[in-house]
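This report refers to the structure that appears directly beneath it.
Owing to the predicted nature of the structure, the values given are computational and were not obtained by experimental measurement.
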Amino acid sequence: MTLYLAIAGLLFLLAFARLCGAVDARYERALVLWLTLPALALSCLRWETGTDWASYIEFFRNITTIAEAKAQNWWGPGYAYLAVLVNSVGASYTVFLLVIALLLFGAKLLFISRACAAPLVAVFVLFCGNFYDIYFVRQDVAVIFFFGFVYYYFHRRHMAASCAAVVALAFHYSAVVPIALVILLVRFDWKKIIVVGTFSVVLGY
């Protein structure tokens, strides 16, 4: 706990310095990158953390073919097919975590840098909320791509928004709910409600 508080204190000082203008905005993205790299490394080197650790690693070791990935109903296709890919080259669970971490933290770095006026503040808030995803699970990957969906959707970049939404759904099907709410409520339209409602029913079926 002392280590976490020390890191949180350091991140607070950086965020406060940024808001006070003591940190030049030109160097902020580089600072965020150097803060993200250790988090990425720790996220894939962690072992025996969390109550579901044993079940996750056992599940990973049992998904070695595409047929097994299709047959399972616990992990979304994003996790399951990546597990097949990693197992196909004989790599370990650490490599599996590394592949997902690269996807997660790469997207996090991209969206924080583009969407946040003060990325250092965002890093501090995210660390206080969920330790900056060091102990990530499937939902965390879905959340960051949902954030990307929202960013692109508001900027009317519909192809990029669609891709982000598909990735979010691939990692956790529950992402369909916030995605649908954004589409329905931001620009309220009965036609959109019908289309999204039909899509949700078909996906759920």
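A distance-only check finds a donor-acceptor pair linking the side chain of E68 to the backbone of T64 [under 3.5 Å]. Between the R18 side chain and the V23 main chain, no donor and acceptor come within less than 3.5 Å of each other. When atom types are taken as modelled, the side chain of Q139 and the backbone of H172 share no donor-acceptor pair closer than 3.5 angstrom. For N87 (side chain) and F60 (main-chain N/O), a donor-acceptor pair under 3.5 Å exists by modelled atom type.
Taking the ring axis of Y132 as reference, the NZ or CZ atom of K108 stays within 45° of it and closer than 6.0 Å to the ring centre.
For the ring pair (Phe, Tyr, Trp, His ring centres under 6.0 Å) criterion with F149, the lone passing option out of Y153, Y151, F145 is Y153. Here the options are L102, T94, I100, the test is side chain to side chain contact (heavy atoms under 4.5 Å, CB included), and the partner is L98; only L102 passes.
Nearest heavy-atom pair across V182 and F154 is CG1-CE1, 4.5 Å. Of all heavy-atom pairs spanning D133 and N130, the tightest one is OD1-ND2, 2.7 Å. Scanning all heavy atoms of the two residues, the minimum distance from P119 to V32 falls at CB-CG2, 3.6 Å. Nearest approach of F146 to A168, heavy atoms of both residues: N-CB, 4.0 Å. In plain terms, the two heavy atoms of L120 and A15 that are nearest each other are O-CB, 3.9 Å. Of all heavy-atom pairs spanning P38 and L35, the tightest one is CD-O, 3.4 Å.
Below 30°, between 30° and 60°, or above 60°: for F59 and W74 the angle between ring planes is above 60°, a perpendicular geometry. The aromatic rings of Y79 and W75 sit perpendicular, their planes meeting at an angle over 60°, well past the 30° parallel limit.
Under a hydrophobic-cluster definition in which Ile, Leu, Val, Met, Phe, Trp and Tyr are linked whenever side-chain heavy atoms come within less than 4.5 Å, directly or via other members, I183 and V166 are assigned to different clusters. If you chain together hydrophobic residues whose side chains sit under 4.5 Å apart, L104 and I112 fall into the same group. Under a hydrophobic clustering in which Ile, Leu, Val, Met, Phe, Trp and Tyr are joined whenever their side-chain heavy atoms come within less than 4.5 Å, directly or via other members, Y135 and L11 fall into the same cluster. Hydrophobic clustering of Ile, Leu, Val, Met, Phe, Trp and Tyr side chains at less than 4.5 Å, counting indirect connections, keeps L110 apart from Y27.
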Could you go through I57 and F96, starting from their C-alpha distance and side-chain angles, then the distance that decides it, and tell me whether this counts as side-chain contact (heavy atoms from CB on, under 4.5 Å)? CA-CA 10 Å; I57 192 169; F96 175 65; over 6 Å; no
Steps toward side-chain contact (heavy atoms from CB on, under 4.5 Å) verdict (Y152, F111): CA-CA 10 Å; Y152 288 126; F111 297 139; 3.5 Å; yes
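Distance NE2/H158 to SG/C163: 13.0 Å, rounded to 0.5 Å.
In this structure, a donor-acceptor pair under 3.5 Å is present between the side chains of R138 and Y56.
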